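Written out below as structure tokens is the structure these notes cover.
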Amino acid sequence: NANEGELTTLRSKIVGNKNLRGLAVDLNLHEGPVNAVKIETHTTYLPPGFAAPIEERLKRLDGEFHGLIEDPGKRKTLSVGSILQYVDPSDLRLPDHSLLDRAKERFLSKRVMPTIPTRQYRLIADKSLADVMEALIGSYLLSTGQKNTLQVMAAMGLDLTGKVANLSSVKRDVLDRAKHSTQVSDVREFIPEEDAFANQRMKFEDNHQIFERLGVNEIERKIGYTFKEKSFLLQAFTHSSYGENMLTDSYERLEYLGDAVLDYLVTCYIFLNSDADPGTLTDVRSALVCNNMFAALLVDSGLHGNILYSAPQVRKKISDYVEYRNNERIDITRINRQRNTLRIVDSLKLINEVEPPELSEVEVPKVLGDVFEALIGAVFIDSGYNVETVYKVYLRFNPKLNEILTNPPKNPKKMLHECCNEVKFGKAVVRENHVSVKVTVPLDGKDYSFIGRGNNRRMAELAASKCALRRLFSHL
């Protein structure tokens, strides 16, 4: 029953670079299989049977070098192999103490030397080892499927399949897994929860009214999935401010799970359906797996009205966003590649030619995206952790997934910089209930100014960028 914060902290410890790097070292991946340097015959290649005595000396001196730095703060900046940055090849003729003194002097004066290439040893960053672990898991997932990958992860030291009693046992069993051997034959798949009731007594309470208020049948009809256990659905749509639901907790835990499931599904989809470079894949995933996208999908499906909450401020934020999405929706995701220009799909309002045009950016309520993630998490559990079922539900919300993959949405500010060489954002002006920012762009030899308003500078800049893009598009 750990809360979302505790779950997030534990997850970061398990899949964080520090733990993955430790597992890689336990598997001796740093001893040879991982090569972080391109092999060059004249600089980095060492023929079999040969040794590099100079490198043995540098390795020994590197350990002594750290102890010469008295300042603890500066000493923390050193890592394995740091001495190579402060030694010149000509220094290798010096005695050990003279070489160390010269390296120390350069370090304190911040004079970095060209790194000496090594043949016998390789400097491998901790993150590189963690990346290798992630790549290994990914390759097994692609080649053997989910079940076999869980077995491989258990053998690596990441056994995530056992049923645990509490958070402490998770830390003990998972984080210390590499310290003892794991019997791969003992690996079990995840066991779904039976229901979302706060306690067993709640199962027998009269809950007809609250499920009717939730609109269970309407939700199931819209998502195309019928829940076997309705309590998961109730939990997914319950905000923490809603005190009338005594049957389940609020949606935070399901939100945490749904976010991870969506990230997994979308990542698999774009990886298997695109040959783009890693940077582009990351941008596409960020556009698809974010609160703004999830909020839009929930509102477009009309499920925002089913959320159970009591906070007036939540109601106002949702109402403002729904009105904004219905009346001021701007689609900036399509690219007219033939003309090499950008265009808006929906109709746009005319811009006043006298005063600088203004546009307000409405804040996307976090609760909308959270409920969408919680709903996906609820389907995941209720279906017995069936990712195929979850994927079908997600596609019902987002049937144009392939179109978005082909033409991923771009940040309006980034788009404006791509359209204009000289984009100048002014200082943020803080008003009583909003922040405004002016942006100036050149067009046809004349500078035009546009004003954006939002709850903070970032949102105001986005609004100003959208406003400027409208004018630019009208000239295409």
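Bear in mind that the values here come from a model prediction, so they are computed numbers and not experimental data. Count residues from 1 along the sequence.
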Query - Non-neighbouring partners of Arg213 that pass salt bridge (charged side-chain N to carboxylate O under 4.0 Å, His left out), sequence neighbours left out - result: Glu244

Report task. Evaluate the side-chain proximity of Val152 to Thr144: yes if any heavy-atom separation is below 4.5 Å, no if none is. Result -> no

Report task. Taking the side chain as every heavy atom from C-beta outward, state whether Leu288 and Asn398 have any pair of such atoms under 4.5 Å apart. Result -> yes

Query raised in the report: With Gln235, which residues qualify under side chain to side chain donor-acceptor pair (under 3.5 Å), at least two apart?
Result: none

Requested in this report: Please name all residues satisfying salt bridge (charged side-chain N to carboxylate O under 4.0 Å, His left out) with Glu218, sequence neighbours left out, ordered by chain then number.
Outcome: Lys222

Query raised in the report: Is Lys446 close enough and on-axis enough to Tyr448, meaning under 6.0 Å and within 45°, for cation-pi?
Result: yes

Query - side chain to side chain contact (heavy atoms under 4.5 Å, CB included) against Glu388, all qualifying residues, sequence neighbours excluded - result: Asn386, Lys392

Query raised in the report: Can you find a heavy atom in the side chain of Ser231 that is under 4.5 Å from one in the side chain of Leu247?
Result: no

Report task. Answer yes or no: is there a side-chain heavy-atom contact under 4.5 Å between Leu29 and Leu136? Result -> yes

Query raised in the report: Taking all non-hydrogen atoms of both residues, which atom of Asn17 and which atom of Ala130 are closest, and how far apart?
Result: OD1-CB, 3.4 Å

Query raised in the report: So with a 6.0 Å cut-off around CZ of Phe425, is the heavy-atom count from everything else above 12?
Result: yes

Report task. For Lys366, enumerate each residue passing the side chain to side chain contact (heavy atoms under 4.5 Å, CB included) test, keeping only those at least two apart in sequence or located in another chain. Result -> Glu255, Asn291, Asp370

Query raised in the report: What pairs of residues pass the ring pair (Phe, Tyr, Trp, His ring centres under 6.0 Å) test when at least one of them lies in residues 259-296, not counting sequence neighbours?
Result: Phe294-Phe372

